[in-house]
Q: 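Before I ask anything, let me first share the structure, which is written out below as structure tokens.
Everything numeric here is computed off the predicted structure, so don't read it as measured data. Counting begins at 1 with the first residue of the sequence.
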Amino acid sequence: HARTGKPARRFRDFRYRTLQRYFRSIYGVTPHVWFRCMKLNAVRGELRQSSVATVRISDIAARWGFLHFGRFAEDYRKLFGERPKDTLRS
């Protein structure tokens with residue numbers, strides 16, 4: 001039988017905390033923040049290669065897992081210093 005309960009949960013949590021610590025020491029951010037930045041960069045790459053006439057920003061964002069578009073736009077602006085639609089237009 002697989003172990004369940006507090007000891008297993010402590011072990012799982014310890015491993016996650018260890019991963020967070022390594023990520024912070026290497027990248028300066030948590031794994032969650034790192035993956036979000038990677039996805040935002042992927043969206044930015046697609047926007048740069050697309051035209052306003054052929055693409056919807058929300059479709060690209062959703063494809064990369066951003067379903068709360070207001071939060072996506074805010075995170076995008078904070079990371080890149082411009083709105084997603086400004087990237088698409090330039």
Side-chain angles (χ1 to χ4, degrees):
H1 295 288
R3 292 183 130 193
T4 59
K6 290 182 182 181
R9 187 171 57 234
R10 269 192 232 134
F11 180 68
R12 183 189 68 230
D13 292 344
F14 172 77
R15 291 189 343 197
Y16 183 72
R17 285 192 306 267
T18 302
L19 177 64
Q20 280 188 317
R21 188 172 57 246
Y22 286 133
F23 253 80
R24 282 184 194 269
S25 70
I26 295 169
Y27 299 108
V29 295
T30 65
H32 176 77
V33 171
W34 186 83
F35 282 114
R36 186 175 64 231
C37 288
M38 297 304 291
K39 293 189 319 180
L40 286 166
N41 272 288
V43 169
R44 184 175 174 87
E46 284 196 42
L47 291 176
R48 285 180 160 178
Q49 295 178 9
S50 302
S51 89
V52 173
T54 62
V55 72
R56 288 179 25 180
I57 295 169
S58 59
D59 291 341
I60 294 173
R63 189 168 40 251
W64 285 98
F66 296 104
L67 303 177
H68 188 288
F69 300 119
R71 188 173 305 133
F72 157 74
E74 182 179 337
D75 289 345
Y76 189 97
R77 185 189 53 74
K78 284 180 182 176
L79 184 60
F80 301 116
E82 66 182 13
R83 299 172 299 180
K85 68 180 181 179
D86 296 332
T87 301
L88 186 59
R89 289 182 183 159
S90 58

Q: Among all residues two or more places apart in sequence or in another chain, which pass the side-chain contact (heavy atoms from CB on, under 4.5 Å) test with T54?
A: S51

Q: What pairs of donor and acceptor atoms, side-chain ones from residues 28-38 against any protein atom, are under 3.5 angstrom apart with sequence neighbours left out?
A:
from	atom 1	to	atom 2	distance (Å)
T30	OG1	V33	N	3.3
H32	NE2	R36	NH1	3.4

Q: Looking only at non-hydrogen atoms, find the nearest pair between I60 and S50 and report the distance.
A: CD1-OG, 4.3 Å

Q: Could I get the full list of side-chain hydrogen bond (donor to acceptor under 3.5 Å, both in side chains) partners for S25, not counting sequence neighbours?
A: none

Q: Would you say Y22 and Y16 are hydrophobically clustered, going by side-chain heavy atoms of ILVMFWY under 4.5 Å?
A: no

Q: When the side chains of residues 69-77 are checked against the rest of the protein, which donor-acceptor pairs come out under 3.5 Å, sequence neighbours left out?
A:
from	atom 1	to	atom 2	distance (Å)
E74	OE2	K78	NZ	3.1
Y76	OH	R44	NH1	3.4
Y76	OH	T87	OG1	2.7

Q: Applying salt bridge (Lys or Arg N to Asp or Glu O under 4.0 Å) as the test, list every pair that has at least one member in residues 50-69; sequence neighbours left out.
A: E46-R63, R56-D59

Q: Does F80 reach the side chain of D86, with side-chain heavy atoms less than 4.5 Å apart?
A: no

